[in-house]
Amino acid sequence: VLWGIHMSCPGFHHAPQHLRCRSLSGAGTLRWNDYDRPEEFNFASDVLDHWTQMEKEGKRSPNPALWWVNDQGDEVKWSFREMTDLTCRTANVLTQTCGLQTGDRLALILPRVPEWWLVCVGCIRTGIIFMPGTTQMKAKDILYRLQVSGAKAIVTTDTLAPEVESVAPECPSLKTKLLVSDHSREGWLDFRSLVKSASPDHICIKSKTLDPMAIFFTSGTTGFPKMAKHSHGFALRSYFPACRKLLQLKMSDVFWCLSDTGWILAALGSLLEPWTAGSTVFAHHLPQFDPKVIIETFFKYPITQCLAAPSVYRMILQQNYTSLRFPTLEHCCTGGEALLPEEQEQWKRQTGVLLYQAYGQSEAGISCGTLRGMKIKPGSMGKAIPPFDIQIIDDKGNIQPPNTEGNIGIRIKPTRPIGLFMYYENNPEKTAEVECGDFYNTGDRATIDEEGYFWFLGRSDDVINASGYRVGPAEVENALAEHPAVAESAVVSSPDPVRGEVVKAFIVLNPEFSSRDPGELTKELQQHVKSVTAPYKYPRKVSESSWVGSGPFERFWGFHCLGLIGCCVAGVKQK
Ligand code: BCO
């Protein structure tokens with residue numbers, strides 16, 4: 001049982017006396033405009049503590065700030081006052097017990113448990129840079145992240161503790177391991193008991209808007225994932241009136257974002273967007289994705305708005321329920337991958353609720369969208385959301401006229417807009433590579449029409465977008481290379497009716513494996529990839545080419561042909 005569920009901790013019911021609330025003039029009143037660049041901003045003190053103050057003054061309804069459930073019937077309901085109290089305690093644990101300081105990095109690999117929110121906001125209060133990661137990661141993924149970031153601390157659960165332990169000796173910077181669990185474990189600090197006994201008195205840092213806040217890892221065509229570093233301005237952007245128009249959240253809304261806690265979509269949808277509006281964040285633990293549980297949850301809880309990748313909506317529609325008329329659902333938004341017009345139509349028909357499309361990236365958060373109430377053009381991802389000036393550009397950064405294919409570019413000159421990533425940490429080459437004239441080149445291809453609506457076309461590189469996950473082919477090829485059957489592989493995107501795209505691997509087998517049953521070997525290879533890297537990357541389609549012999553001539557031509565297959569299919573997206 002989570003300690004938080006009892007809500008019996010004495011400190012929960014009195015917030016610190018000295019909350020530094022740079023209070024807004026009234027509930028829901030915005031202080032900043034789309035192009036403002038305040039010197040200082042901190043989501044914890046400026047937003048979360050504001051709503052705490054509103055609660056104290058009786059200006060916010062008694063809806064919880066966080067409403068968490070799991071499939072065993074447990075529930076956590078925390079008010080903003082409790083969130084302030086608990087995140088101040090967390091801040092004290094991080095700084096006092098763990099000795100972490102502003103600017104240190106912390107790897108946050110938690111499933112959807114209430115402590116995820118505590119660590120995020122605890123870090124924001126202290127200026128510790130948090131780096132969310134999916135719990136699907138394996139030891140090697142974690143090792144890479146810890147080493148490349150020089151993380152001083154990690155927070156995770158029992159499930160991943162052994163994986164972390166297996167790589168920790170290779171991570172000299174890692175000083176603190178915090179475990180979110182009901183059990184203690186040698187070498188780990190017990191997060192829950194530390195938070196319980198920590199002081200709720202904490203003074204939030206005065207962060208500059210452009211000071212770093214978080215790092216999101218994002219995959220590319222080659223090499224390992226890059227670290228897209230975001231400032232506190234990323235959270236400020238959720239505050240801007242133009243961004244608020246995307247969802248038009250109100251204090252009375254109960255907002256459910258289904259993205260995994262490792263992605264920027266969760267940071268936006270499960271933290272920044274709803275709490276900026278004083279809404280309730282709804283979360284279902286969902287250790288394994290199950291569309292039936294999602295449907296039942298919509299029927300059972302008063303969820304008013306939802307944000308999820310298109311694959312989630314697709315999978316719900318495929319359940320063949322007699323009714324998908326959810327009693328309280330009013331607004332649905334989707335982002336992370338392309339959505340077909342007929343899917344938008346089908347969702348409307350079956351649920352009676354419109355499905356609005358948005359577009360974003362780990363580098364930019366949500367940058368385009370069909371704002372709530374705006375005319376939906378089925379298949380379009382809407383218009384640029386200020387302060388982002390988005391244009392279709394050519395490879396030199398020249399703005400293209402309407403209805404001309406080009407790259408989606410976000411203007412960074414003369415001024416880099418608030419909310420766009422700062423740079424790829426420790427990677428000036430990659431940072432420079434995505435700068436194109438006056439624009440940040442997203443690497444996504446699209447057109448814009450005369451009314452300013454964007455129409456997504458695809459990636460300009462080989463990155464695969466499998467059900468909203470960005471997968472670098474090299475990551476999968478490297479994982480396959482570790483299997484003795486694989487002489488060489490080429491990994492590409494392949495269209496899929498449910499997941500939009502899936503990972504497909506073309507494999508040249510080593511000769512001694514050429515007589516193996518293809519079905520069996522495919523399963524073995526898939527299982528292998530799932531075991532050495534985050535399973536969402538595994539090739540759902542595998543095509544074997546066992547004709548490569550062992551002689552140098554045959555191998556040369558085998559690999560050469562494979563390379564050609566890889567190049568061709570990457571361009572045209574194979575079936
Ligand atoms: O399909 P299989 O069963 O063979 O394999 C699945 C899982 O069962 C399995 N798995 C998951 N966790 C595991 C595990 N296996 C071993 N150990 C674990 N810990 O591995 C495969 C994982 O694939 P999946 O997650 O795609 O499959 P699943 O469970 O069917 O989930 C479907 C979706 C749609 C829920 C999931 O793909 C998803 O959440 N997609 C959305 C991702 C997302 O939120 N993207 C947004 C990124 S941020 C962004 O784009 C910027 C926008 C502002």
Side-chain angles (χ1 to χ4, degrees), residues 109 111-112 132-139 141-142 156-160 163 216-219 225 228 230 234 237-238 243 246-247 257-270 272-273 284 286-294 306-318 333-339 357-369 381-382 385 388 419-421 442-444 456 459 463-471 476 496 498-503 522-523 525-542:
I109 314 178
R112 296 174 186 95
T134 170
T135 53
Q136 288 197 25
M137 284 195 287
K138 300 290 175 217
D141 307 303
I142 297 171
T156 194
T157 57
D158 293 305
T159 318
L160 279 174
E163 309 262 352
F216 295 92
F217 283 80
T218 178
S219 294
H230 280 274
F234 176 63
R237 187 167 176 258
S238 289
C243 292
L246 178 71
L247 302 164
C257 168
L258 283 103
S259 185
D260 181 290
T261 47
W263 313 117
I264 200 165
L265 199 58
L268 283 167
S270 295
L272 303 176
E273 292 287 329
H284 193 305
L286 278 178
Q288 197 71 31
F289 179 74
D290 182 349
K292 289 195 180 64
V293 174
I294 312 257
C306 167
L307 173 65
S311 292
V312 172
Y313 293 101
R314 264 182 227 123
M315 288 176 183
I316 292 175
L317 288 171
Q318 282 167 2
C333 186
T334 191
E337 50 167 318
L339 177 74
Q357 201 181 160
Y359 158 82
Q361 282 192 327
S362 300
E363 288 86 343
I366 292 178
S367 46
C368 254
M381 55 200 200
I385 303 175
F388 289 175
L420 188 63
F421 77 120
T442 61
D444 287 322
F456 186 82
R459 285 291 301 173
V463 169
I464 303 162
N465 190 332
S467 58
Y469 294 119
R470 198 165 145 165
V471 182
V476 188
D496 183 81
V498 179
R499 293 170 187 271
E501 293 175 33
V502 291
V503 173
T522 293
K523 280 199 189 113
L525 289 169
Q526 290 174 325
Q527 203 45 49
H528 164 78
V529 174
K530 279 185 176 181
S531 71
V532 295
T533 191
Y536 67 84
K537 298 179 204 166
Y538 88 89
R540 287 176 190 270
K541 294 182 186 171
V542 177

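It should be emphasised that the depicted structure is a prediction, and the values quoted were computed from it without experimental measurement. Whatever order the structure lists ligands and atoms in, that order sets their numbers, starting from 1. As a basis for the values below, the full set of heavy atoms in this structure was taken, side chains included, without hydrogen atoms, waters or symmetry mates. Start at 1 with the first residue, then count along the sequence.
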Quick check for you: to the nearest 0.5 Å, what is the distance between Gln357 atom CD and Glu337 atom CD? 9.5 Å
Which heavy atom of the protein is the closest neighbour of atom 1 (O) of ligand 1, given with residue, atom name and distance? Arg540 NH1, 2.7 Å
Atom pair CZ (Arg112) and SG (Cys257), whose distance is rounded to the nearest 0.5 Å: 8.0 Å
Find the distance between CZ (Arg540) and CD (Glu501) and round it off to the nearest 0.5 Å. 13.0 Å
Strictly distance-based, threshold 3.5 Å: is any side-chain N or O of Ser270 a donor or acceptor partner for the main-chain N or O of Ala267? no
Restricting to heavy atoms, the pick from Asp290, Thr218, Ile264 nearest atom 51 (C) of ligand 1 would be Ile264
Polar-atom distance check: Ser259 versus ligand 1, any N or O pair below 3.5 Å? yes
Would Ser311 count as a polar contact of ligand 1, with the cut-off being nitrogen or oxygen pairs under 3.5 Å? no
I'd like to check whether Gln288 has a polar contact with ligand 1, where a contact means an N/O of the residue lying under 3.5 Å from an N/O of the ligand. yes
Keeping Arg314 on the side-chain end and Val498 on the backbone end, is there a donor-acceptor pair under 3.5 Å? yes
Identify, for atom 20 (O) of ligand 1, the protein heavy atom at the shortest distance, and state residue, atom and that distance. Pro535 CB, 3.1 Å
What about Tyr536: any of its N or O atoms under 3.5 Å from an N or O on ligand 1? no
Numbered in order shown, the ligand 1 atoms found under 4.0 Å of a heavy atom of Ser467 are 26 (O), 37 (O), 38 (C), 40 (N), 41 (C), 42 (C)
Under the 3.5 angstrom rule, does the side chain of Gln361 hit a backbone N or O of Thr442 as a donor-acceptor pair? yes
Measure Arg314 to ligand 1 on non-hydrogen atoms and call it side chain, backbone, both or neither using the 4.0 Å cut-off. neither
Can an N or O of Gln361 be found at a distance shorter than 3.5 Å from an N or O of ligand 1? no
Looking only at heavy atoms of Glu337, does any of them come nearer than 4.0 Å to an atom of ligand 1? no
Mind checking whether Thr135 has an N or O less than 3.5 Å away from an N or O of ligand 1? no
Should you measure from each heavy atom of Gly360, which atoms of ligand 1 turn up under 4.0 Å away? 51 (C), 52 (C), 53 (C)
Determine yes or no for a side-chain-to-main-chain donor-acceptor pair under 3.5 angstrom, with Asp496 supplying the side chain and Val502 the backbone. no
Within-shell test, Tyr538 vs ligand 1, heavy atom, strictly < 4.0 Å: yes
How far is atom 25 (O) of ligand 1 from its nearest protein heavy atom, and which residue and atom is that? Tyr469 OH, 2.9 Å
Starting from atom 29 (O) of ligand 1, what is the nearest protein heavy atom, named by residue and atom, and what distance separates them? Phe289 CB, 3.6 Å
Please work out whether any backbone atom (N, CA, C, O) or any side-chain heavy atom from C-beta onward of Ala309 is under 4.0 Å from ligand 1, and answer side chain, backbone, both or neither. side chain
Report yes if the side chains of Lys138 and Val532 come closer than 4.5 Å at any heavy-atom pair, otherwise no. no
Give a yes or no on whether the backbone of Cys333 and the side-chain of Tyr313 come within a donor-acceptor separation of less than 3.5 Å. yes
Ligand 1 atoms nearer than 4.0 angstrom to some heavy atom of Gly468 are 42 (C), 43 (C), 45 (N), 46 (C), 47 (C)
Considering only heavy atoms, which of Met137, Arg470, Gln526, Gln136 lies nearest to atom 11 (C) of ligand 1? Gln136
Rounded to the nearest 0.5 Å, how far apart are CG of Leu339 and OG of Ser311? 10.0 Å
Thr156 side chain to Ile109 backbone, donor-acceptor under 3.5 Å: yes
Atoms of ligand 1, numbered as shown, that sit under 4.0 Å from any heavy atom of Gly336: 50 (O)
Has the side chain of His284 got a donor or acceptor atom that lies under 3.5 Å from a matching backbone atom of Leu258? no
Any idea which of Lys530, Lys138, Arg499 brings a heavy atom closest to atom 27 (O) of ligand 1? Arg499
N/O of Val312 under 3.5 Å from N/O of ligand 1, yes or no? no
Using the ring of each side chain (for Trp, its six-membered ring), is Phe456 parallel, tilted or perpendicular to Tyr359, with breaks at 30° and 60°? tilted
